[in-house]
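Quick notes on the structure that follows.
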Protein chains: 2
Amino acid sequence: MEERKKKTCRVHFGPSGLKIEVARGTVLLDAAHKAGLYLSSICGGDGYCGKCKVVVDEGQSQTRPTGLLTPDEVRENVVLACQTRILSDLRVTVPSSHALETSSILIDSDAHRFSELAGDEHAAVFACDPLVQRLYLEMAPPNVQDHTADHERLYTTIREKVEAPIMQTGFRVLQKLPHVFQQADYKVTVTIGRRGGTTEVIEVEGGNHARRNFAVAVDLGTTTVVAHLIDMTTATTIDTEATYNSQVNFGEDYIRRIIYTEENDASDEMQNRIVKDINSLVVTLAVRQKIDLQEINTIVCAGNTAMLHFLLNLDARRIRREPYVASASFVPPIRAAEVGVQINKRGLLYCLPNVAAYVGSDIVGGVLATGLFAKPGISLFADIGTNGEIVLGGSDWLVCASSSAGPAFEGSGIRHGMRAARGAIERFSFDVDSQIRFETIGGSPAAGLCGSGLLDVLAECYTHGVIDRTGRFVVNGDPRLTDGEDGRQFQIVPPRDGHQEIAVTQADIDNLLRSKAGVFAAIRVLMEATQTQADNLEAVYLAGGFGNFLDVRHAVTVGMLPDVPLEKIRFVGNTAIAGAKMALLSREALDRAESIAASMTYFDLMSYPGYMEEFIRAKFLPHTDLSLFPSVQEARTDRSRRPSRPIVESRRRGRPVAQEENTQIGRV
Amino acid sequence: MEERKKKTCRVHFGPSGLKIEVARGTVLLDAAHKAGLYLSSICGGDGYCGKCKVVVDEGQSQTRPTGLLTPDEVRENVVLACQTRILSDLRVTVPSSHALETSSILIDSDAHRFSELAGDEHAAVFACDPLVQRLYLEMAPPNVQDHTADHERLYTTIREKVEAPIMQTGFRVLQKLPHVFQQADYKVTVTIGRRGGTTEVIEVEGGNHARRNFAVAVDLGTTTVVAHLIDMTTATTIDTEATYNSQVNFGEDYIRRIIYTEENDASDEMQNRIVKDINSLVVTLAVRQKIDLQEINTIVCAGNTAMLHFLLNLDARRIRREPYVASASFVPPIRAAEVGVQINKRGLLYCLPNVAAYVGSDIVGGVLATGLFAKPGISLFADIGTNGEIVLGGSDWLVCASSSAGPAFEGSGIRHGMRAARGAIERFSFDVDSQIRFETIGGSPAAGLCGSGLLDVLAECYTHGVIDRTGRFVVNGDPRLTDGEDGRQFQIVPPRDGHQEIAVTQADIDNLLRSKAGVFAAIRVLMEATQTQADNLEAVYLAGGFGNFLDVRHAVTVGMLPDVPLEKIRFVGNTAIAGAKMALLSREALDRAESIAASMTYFDLMSYPGYMEEFIRAKFLPHTDLSLFPSVQEARTDRSRRPSRPIVESRRRGRPVAQEENTQIGRV
């Protein structure tokens, strides 16, 4: 067959060696997805994030012109995979910056990053009463004096051991029950699970298997999926595992994924991806711990509202459209097999309840795990990731909001931003000689900047006068302030020896400021609405992967978190999974999660009158109102020995303008 | 192919014309079943009931010798189908005595026979609150002020209309809900059903269909299956239909069917049969009333414990073995589709609860429908059919028992016994000239005797001195007392003009006495155990098909029912279906049925110390203890003008012997 007549083309992706045969004309990004290859794609294939760069080494392709590639890149046959159609067999090289192509070592280290730090101190509040229990029952067989039917005998015996006023039995279990009872001489293991206010007889087996009862708690993150394997009989976590959410192919944030789903009618595929991720985690844990999948009877999921909609294949479209409606906030327990999760075929899947379209069950899990709902006084809970969700309150009331200011601290929209993966700069500072110091994950050569590194850069550049309070680069002759492809930039690693340059651009700084402003404006709205002063905050809980690793001093310095004494700020780790585990082990905790979700007042920031103004003010470093950040002011005063100059707000063109501070720092 | 090598044989059954091809060597009864042909078979194919007689007109067969055929029958090629193997193609004639071969006219008339007479006077006790309801909801769509999720919006709206503290939603409904809501602009019809203490959202549809909500109540009788179609929005019965239980092929009583099931591993087939019967009734009703099967959302079944086990394919084997254990007495509602019942695919199937292996949900339905559970004082409820189930009590307590004395009054074990079908003698009496008077069903030529006719024969023959108090034919020269094939017999219709003889044999009388003694002994045990005197009975409720048509005076005369004033005895008809309908229309009634079943004390007569003695005494006419039947004694005294002679009991050879009464009746 002649080349020009070929209808399908083979594509070889290096260095992984993955191959795929697709129809001629297929978009290269789609071909990569089909091949099972992860390519960064924040915009979901719309051609404007510029993340899906690959090199076409051999073969014919057609690519649309784009301003997202430098002339050098174009010369080197770099293309945006989403803008390129395959016209013949191709050999393509995927740059190593697509971090997820790398091996499972990172995933393992990620599991540790995402394991929770908090939780145990609060777990004791709830009575241990697992959602799914296995009981060994030795019943007396029927006799002439007692011919109680098998089904009623079972109920009576169960009720002697646990409280179960309303019980249910599935038809298939009911049918097998008499046979099991007779074969096992009425010595059986019954698996019972809580469904709403009822107790379901999930399974009945002969003999004693009560000690083999395992469960999985899952944090369904937009980026990462984390699973903990729990021994339900000892209430202990016996192993953890994490993987990247393979839906990232369809967009790095969930709004993109919803759009992709809608445009491509891809809700089944979206569900399949996340279910596959969960299954791979479950299988990995089970194999490693020598547990049969049939011995895993329960799975509890926490995640943002969109992720739970994807998992359950619920209509997620309205999450991104006013008035931002979820299909369900309280999802009744279902059979895990109904969505394809491969635990015991009759095992139950629970989802912690959501509060609203943008405040998901991961946040409810956080409030549960930190015990915020029971604390006297007022505390703050913040989970800063792709979005920033904020909860304020305590035992009397709880309010919450979600900042949609973008995932800059996840590395998105940042020229050299990347995930917290090998080679990411996670710590950055200027030393006493104003020389750059940084640490990378794994000690590898620097490949980019992850969230905590970016926060350090922002804070240090501000503190050291590299940028002013509006985030503009200051003209001060620092040779690291160079002109790059995107204009002025602060060079962290110069290009040399074939190593790529790592720099932070003005656009990067603006993005970071928007993100931090989004978080702080959300906090401000909640505090103002509830007339809460920063001085009155009992504690600030920082949850999530980013929260675990950021320099909290810097978070205050840049004005992302309110100015409270640092000892009040606590890293609480992955509270989503901690909350899921608490629910797994205590139905009282699940009940509490439901009452938390039902009682929390949600503030829709987009329709909240004062929000935009708060956001604009918070885009300054640390804020237009310096009186909100006395410690920052004090530190800078100490450093500069000069009083800071007041911000003059101007409403011209709708934006406040701050006079640049005249900081006196030589070459920082 | 030569005849002797043929491996399969064709069998033609006349006069129906049904044909079947089966393996050579197949038992003829099995071939008939496969052809869909009903053949009477009380013993389930064991060869000792002698009911499955057919004539082999052509072809070779091999039949075992049997004493159940007369020499004449053997000459005429009559065989027992269950004892005959097919060796070649056969032409077989099925005699017309296999009543069920006849057309649906009888079935229709049976529906009327089995329609309930009672119920309405008591139905008002319960609040109308159907088990499955359809509600039309006009919800406000979400807006900026109210972004409640769809699922919670639904729950909130439902709870404004009905009490539903614990709600559940199946996963498939949850998934479709947002699409339906949006398409129908939040104007939907929701179908909700009660499952245990919870309310399930069964279905959600756009638009208003609340007025189309139908249900079926079913009485699963061993012999007959009756269905009533109910309009749930008006709480009225709109049509009724009945059919024979097609499991009869496997034995006329359910014990035989359990044995058949066990020996042939035929529980699936047994279930298929009864489900097919139900479906044929449902389809007939739906077609006649122009109702879509999808509009039937509920089915409630009442029946004996074995029938419900067959329907649900639950292990029924131990029902017939000591200690007589059911697999389940309280069956949770299931999806009707799970057993193959063809109503709405998400519609629910409820079973009224059973009390014990031999007191089923038909009896619970009877106690519910008669209101016995709420009556002051003590009343008696009796359902006399294949078994005789007895309930005694009122609002304070309820006791029950089941007599296993055999289905003689259903025509089984009676030489010329038959069902209440066309041609059955249903009324029998001697006129003033001692001439026989009888009426047949449909006015057809007499074909046999059904239950009410047999009771009349027994009572009239006793009253007129044809039999003595032990049931023996009296030697008095009556020419109708002849010697037949089975010995002495009372000839009702002599053989002439090609018409078959109809007679009652000594064995028949003995069978009838055993049956009536079984019923009365059960009543006596319950009355003695509760120290109840006949004088104290407020009422006697007679339920079931036989109860509807018997001459109640005769039932007392023969000593089957206690001697109470006749006006206290009430025919209450098919209370099984009346109870099922009450439960359909009121969840309070279903709750009550469950508390009735849970609280009723069951007496296992087989292990009750005094039962056998009571049974033996009750085999006399009317009883050994005539003081229990003062009205009978008085009537006979009036008639004979002479005092009756006392019964002398003897324990020799374990049986009491009564001196024959010296009645002075000439030629009755």
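When reading the values below, keep in mind they use all heavy atoms of this one structure, side chains included, and skip hydrogens, waters and symmetry mates. In what follows, chains carry the letters A, B, and so on, assigned in the order in which the sequence lines appear, proteins first and then strands, with residues in each chain numbered from 1.
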Distance (rounded to the nearest 0.5 Å) between [X] [atom1] and [Y] [atom2]:
X	Y	atom1	atom2	answer
B:Glu322	A:His147	CD	NE2	9.0 Å
A:Glu338	B:Gln175	CD	CD	8.5 Å
A:Lys176	B:Asn313	NZ	CG	14.5 Å
A:Gln182	B:Asp315	CD	CG	5.0 Å

Which one wins on heavy-atom pair count under 4.5 Å against chain A: B:Val339, B:Ile334, B:Asp146, B:Asp604?
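Looking at each option in turn, the highest pair count goes to B:Ile334.
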
[X], part contacting chain A, at a heavy-atom distance under 4.5 Å:
X	result
B:Arg195	both
B:Gln168	side chain
B:Arg153	neither
B:Glu152	side chain
B:Ser607	side chain

Nearest non-hydrogen partners of A:His151 and B:Phe330, listed with the distance:
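So the two residues come closest at ND1-O, 3.0 Å.
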
Looking only at heavy atoms, which two atoms of A:Pro142 and B:Val325 are closest? And how far apart?
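Residues A:Pro142 and B:Val325, closest heavy atoms: CB-CG2, 3.2 Å.
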
Between chain B and each of [options], count heavy-atom pairs under 4.5 Å; write down the option with the most.
options	value
A:Gly196, A:Gly170, A:Ser327, A:Ala326	A:Ser327
A:Ile166, A:Asn143, A:Leu174, A:Leu312	A:Leu312
A:Arg335, A:Gln145, A:Arg172	A:Arg172

Quick one: what part of [X] sits under 4.5 Å from any heavy atom of chain B, side chain, backbone, both or neither?
X	value
A:Thr148	backbone
A:Arg318	side chain
A:Phe181	neither
A:Tyr324	backbone

